[in-house]
Amino acid sequence: MDPTRAMARRILREYGETYAHEAGIRLRDTPAPLYQLLVLCVLLSAPIRARTAVAAARELFADGLRTPRRMADSDRRQRVAALGRAHYRRYDESTATALGDGARLLLERRHGDLRTLRDEAGGDPARVRELLQEVPRIGATGADIFCREAQAVWPELRPFADARVREAAAGVGLPHTARALAGLVRPGEFARFADGLVRIGLTPDAADRLRAA
């Protein structure tokens, strides 16, 4: 097997779990799981460890806050408590407010369905990123995370590789353009592959270990 393809297979095998999957989201092109992904992206947008953000998402979902309506109708104290159980400290109060505001915005503008955002964007990734940033707490980083994960069910976005993915790819000797990286795996694997590269970039010595193998 070509060495770059062998490296890609190893990354999928050892690191290829999406953050959505880790958070317990069964991602499909339907309103509820897409909203859950948005919640996860809000949480990941804070300068906090990814593991803590994922744990916070799982706590919110365990409380039944899996749809914009349930989030909007929830008490802010309930959201703060869920974040606290995951040790999502320093940002719990402001994030709890942002989640409530974002849910209400999504209900008012998009009837709770993020597919209307994709349709408004015409499937254009740049426009999808722009529209996502209308949501409180979703900036460029959060929009990138959403697109990186959503490409699993929104093929219009594929191949999407943000700067973190490309930098990690270069660090292990792989091509560092989205199209070249997409050529190393099957289309349905690319979201996992991209997240695997991000995980490598966040794991001390992972790139060195992969290169040395």
Side-chain angles (χ1 to χ4, degrees), residues 17-121 125 127-154 157 160 162 191 195 198:
E17 181 182 24
T18 65
Y19 287 99
H21 183 269
E22 186 182 354
I25 301 168
R26 299 180 63 181
L27 193 58
R28 299 184 301 276
D29 188 22
T30 54
L34 289 170
Y35 173 68
Q36 291 158 28
L37 174 59
L38 185 69
V39 169
L40 176 61
C41 292
V42 168
L43 297 167
L44 285 166
S45 293
I48 201 162
R49 294 179 64 183
R51 183 179 301 176
T52 302
V54 167
R58 295 184 73 95
E59 289 290 345
L60 289 164
F61 302 153
D63 269 6
L65 307 183
R66 292 176 168 269
T67 67
R69 174 53 60 195
R70 292 295 298 272
M71 187 70 78
D73 289 348
S74 67
D75 186 89
R76 181 174 175 277
R77 289 171 296 181
Q78 178 187 2
R79 301 193 295 272
V80 170
L83 296 174
R85 289 195 299 273
H87 306 289
Y88 195 92
R89 305 297 187 196
R90 294 177 57 197
Y91 306 99
D92 52 349
E93 298 277 350
S94 58
T95 300
T97 298
L99 288 169
D101 291 345
R104 286 184 286 273
L105 179 76
L106 188 57
L107 288 167
E108 292 166 6
R109 293 191 184 176
R110 306 203 173 276
H111 307 288
D113 189 348
L114 282 162
R115 295 174 300 179
T116 64
L117 181 151
R118 176 197 59 198
D119 295 344
E120 181 180 336
R127 181 62 175 150
V128 168
R129 290 181 74 257
E130 181 182 343
L131 291 172
L132 283 167
Q133 292 179 66
E134 296 176 355
V135 177
R137 278 292 179 86
I138 295 289
T141 297
D144 282 345
I145 297 168
F146 186 94
C147 290
R148 195 172 72 221
E149 301 270 337
Q151 66 183 324
V153 293
W154 286 1
L157 300 179
F160 186 90
D162 56 273
D195 271 359
V198 171

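Arg115 approaches Trp154 most closely through the heavy-atom pair CA-CZ2, 4.2 Å. The minimum heavy-atom distance linking Ile48 with Leu43 is given by the pair CG2-O, 3.9 Å. When all heavy atoms of Ile138 and Ala143 are compared, the closest pair comes out as CG2-N, 3.7 Å. Here the closest non-hydrogen pair linking Val153 and Leu27 is CG1-O, 3.7 Å. When all heavy atoms are compared, the tightest approach of Ala96 to Arg79 is O-NE, 2.8 Å. The minimum heavy-atom distance between Ala103 and Pro68, with the atom names listed, is CB-O, 3.4 Å.
Arg129 CZ to Phe160 CZ: the interatomic distance, rounded to the nearest 0.5 Å, is 5.5 Å. Atoms OH and CG, on Tyr35 and Leu107 in that order, are 8.0 Å from each other to the nearest 0.5 Å. Atom CG of Leu38 sits about 12.0 Å away from atom CD of Glu149, to the nearest 0.5 Å. Note that NE2 of His21 is 11.0 Å distant from CD1 of Ile25, once rounded to the nearest 0.5 Å. In this structure, the separation between CZ on Arg109 and CD on Glu120 is 9.5 Å, given to the nearest 0.5 Å. Atoms OG1 and CG, on Thr141 and Leu44 in that order, are 10.5 Å from each other to the nearest 0.5 Å.
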- Message: Before you tell me yes or no, could you show the steps for Val128 and Cys147 under side-chain contact (heavy atoms from CB on, under 4.5 Å), namely the whole-Å CA-CA distance, both residues' side-chain angles and the distance that decides it to 0.1 Å?
- Response: CA-CA 8 Å; Val128 168; Cys147 290; 3.9 Å; yes
- Step by step, would you call Leu117 with Leu132 a side-chain contact (heavy atoms from CB on, under 4.5 Å)? CA-CA 8 Å; Leu117 181 151; Leu132 283 167; 4.1 Å; yes
- Begin with the C-alpha distance, continue with both residues' side-chain angles, and end with the deciding distance and a verdict on side-chain contact (heavy atoms from CB on, under 4.5 Å) for Thr30 and Leu34. CA-CA 6 Å; Thr30 54; Leu34 289 170; over 6 Å; no
- Message: With side-chain contact (heavy atoms from CB on, under 4.5 Å) as the criterion, how do Arg127 and Leu131 come out once you've worked through the C-alpha distance, each side chain's angles and the decisive distance to 0.1 Å?
- Response: CA-CA 6 Å; Arg127 181 62 175 150; Leu131 291 172; 3.5 Å; yes
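Inter-residue side-chain proximity for Leu37 and Cys41 is flagged as met; some heavy-atom pair is nearer than 4.5 Å. Here the side chains of Asp29 and Arg118 are in contact, with some heavy-atom distance below 4.5 Å. Residues Arg28 and Pro33 form a side-chain contact, since some pair of their non-hydrogen atoms from C-beta on lies under 4.5 Å apart. Taking the side chain as every heavy atom from C-beta outward, Ile145 and Val198 never approach each other to under 4.5 Å. Side-chain atoms of Phe146 and Leu114, non-hydrogen and from C-beta on, do get closer than 4.5 Å to each other.
Put simply, the residue from Arg104, Met71, Arg76 that forms a side-chain contact (heavy atoms from CB on, under 4.5 Å) with Leu99 is Met71.
Thr116 contributes a side-chain N or O that, together with a main-chain N or O of Asp113, makes up a donor-acceptor pair within less than 3.5 Å. Looking at Glu59, its side chain never comes within 3.5 Å of a backbone N or O of Arg85 through a donor-acceptor pair. No donor-acceptor distance shorter than 3.5 angstrom exists from the side chain of Asp63 to the backbone of Leu65, with no hydrogens or angles considered. Proximity of a side-chain donor or acceptor of Glu108 to a complementary backbone N or O of Leu105 within less than 3.5 Å is not detected. Of the possible polar contacts, one joining the Gln36 side chain to the Arg66 backbone as a donor-acceptor pair under 3.5 Å is found. Panel note: side chain Asp195, backbone Tyr19; a donor-acceptor pair is recorded below 3.5 Å.
Using a 4.0 Å cut-off between a side-chain N of Lys or Arg and a carboxylate O of Asp or Glu, Arg148 and Asp144 do not qualify as a salt bridge. A salt bridge between Arg137 and Asp101 is absent, with no side-chain N of the basic residue lying under 4.0 Å from a carboxylate O of the acidic one.
Surrounding CZ of Arg51 are at most 12 heavy atoms belonging to other residues, nucleotides or ligands under 6.0 Å away. Summarising the local packing, CZ of Arg90 is surrounded by 12 or fewer heavy atoms from other residues, nucleotides or ligands at distances under 6.0 Å.
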